[in-house]
Amino acid sequence: LCLAGCLELDDGLALHALAGAGQLQQLTSLDVSGCVQLSDEAVAGLLHAHGPRLRTLLLACLPRLTGRAWACLTAPPLPRLQWLSLRCCAGITAPTGDTAAAAAAWCCCWPELLGLDVTGVLGLGDAALLPLLLPRARALQALVLGETRLSEQGLQALLLLLHDAPPSRHHQQQPQARDSHRPAAA
């Protein structure tokens, strides 16, 4: 469901129409990017109603989102989430505290994540991003970290992990499959 840029969509309308909509029980993709009246309350309600089924969640350019939205995204399980965009949500800040606990929560909440875009989320730096990204970096297909507080050291840690990554399973399985069809050497 794409509602991107619906300027009249506010928390009340979003929560009433989307959060309780029985006909949307199979919803797997939601784009409310640019719906500038939406706040943390709407995100929390939408995640409560549809979070476990969502594969794609695009929340870009929502200026009213804060650290509460980040907490909502990492608190309820989002077991099927593959693509998340928080691009230009400058009000989002990561909670302070135990980053190891945050990393564990992230890995448990988004186990299938393939793509993350946090461009322009200035409240996210090494302390928030690295514990979240390092355990999942090899599985990610798209990672956009522009205009965050990722340091040079943080970038080096990510690049080192990606450089040392073993070949994908797809490439590892192909030679094995070919070799299994070869006749045994005499």
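In this chain, residues are counted from 1 in sequence order. None of the values given here were measured: they were computed from a predicted structure.
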Go through the structure and list residues passing side chain to side chain contact (heavy atoms under 4.5 Å, CB included) with Thr56, not counting sequence neighbours.
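Applying side chain to side chain contact (heavy atoms under 4.5 Å, CB included) to Thr56 gives Ser29, Leu58, Trp83.
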
Can you name the side chain to side chain contact (heavy atoms under 4.5 Å, CB included) partners of Ala60, sequence neighbours left out?
Ser33, Ser85, Arg87

Could you give the distance from [atom1] ([X]) to [atom2] ([Y]), rounded to the nearest 0.5 Å?
X: Gln141; Y: Leu116; atom1: CD; atom2: CG; answer: 13.0 Å
X: Cys88; Y: Leu59; atom1: SG; atom2: CG; answer: 12.5 Å
X: Leu150; Y: Leu129; atom1: CG; atom2: CG; answer: 6.0 Å

Is the backbone N or O of Leu122 less than 3.5 Å from a side-chain atom of Arg149, with the two atoms forming a donor-acceptor pair by type?
yes

Side chain Trp110, main chain Leu73, donor-acceptor under 3.5 Å
yes

Can you pull out every salt bridge (Lys or Arg N to Asp or Glu O under 4.0 Å) where at least one residue sits in residues 55-68? Sequence neighbours excluded, please.
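Sorted pair list: Arg55-Glu112.
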
Might you work through the side-chain contact (heavy atoms from CB on, under 4.5 Å) test for Leu114 and Leu140, ending with a clear yes or no?
CA-CA 4 Å; Leu114 299 173; Leu140 293 175; 5.5 Å; no

Hey, can you pull the donor-acceptor pairs under 3.5 Å for the side chains in residues 152-162, sequence neighbours left out?
from   : atom 1 : to     : atom 2 : distance (Å)
Glu152 : OE2    : Gln156 : NE2    : 3.4
Gln153 : OE1    : Ser151 : OG     : 3.3

Could you go through residues 35-44 and list every donor-acceptor pair under 3.5 Å that involves a side-chain atom there, pairing it with any protein atom two or more places apart or in another chain?
from  : atom 1 : to    : atom 2 : distance (Å)
Gln37 : NE2    : Leu7  : O      : 2.6
Ser39 : OG     : Asp11 : OD1    : 3.4
Ser39 : OG     : Asp11 : OD2    : 2.3
Ser39 : OG     : Glu41 : N      : 3.3
Asp40 : OD1    : Thr66 : N      : 2.9
Asp40 : OD1    : Ala69 : N      : 3.4
Asp40 : OD2    : Thr66 : OG1    : 2.3

Shortest non-hydrogen contact from Ile92 to Trp70?
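What the structure gives for the nearest pair is CG2-CB, 3.9 Å.
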
Minimum heavy-atom distance between Cys89 and Leu62, given as atom pair plus value:
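Looking at all heavy atoms of both residues, the closest pair is SG-N, 3.6 Å.
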
Between Leu1 and Asp31, does the side-chain contact (heavy atoms from CB on, under 4.5 Å) criterion hold? Intermediate values first, please.
CA-CA 6 Å; Leu1 178 61; Asp31 183 354; over 6 Å; no

Taking it one step at a time, do Leu57 and Leu47 satisfy side-chain contact (heavy atoms from CB on, under 4.5 Å)?
CA-CA 10 Å; Leu57 181 58; Leu47 289 175; 3.7 Å; yes

So Leu54 and Leu78, side-chain contact (heavy atoms from CB on, under 4.5 Å) or not? Walk me through it.
CA-CA 7 Å; Leu54 286 178; Leu78 302 173; 5.7 Å; no

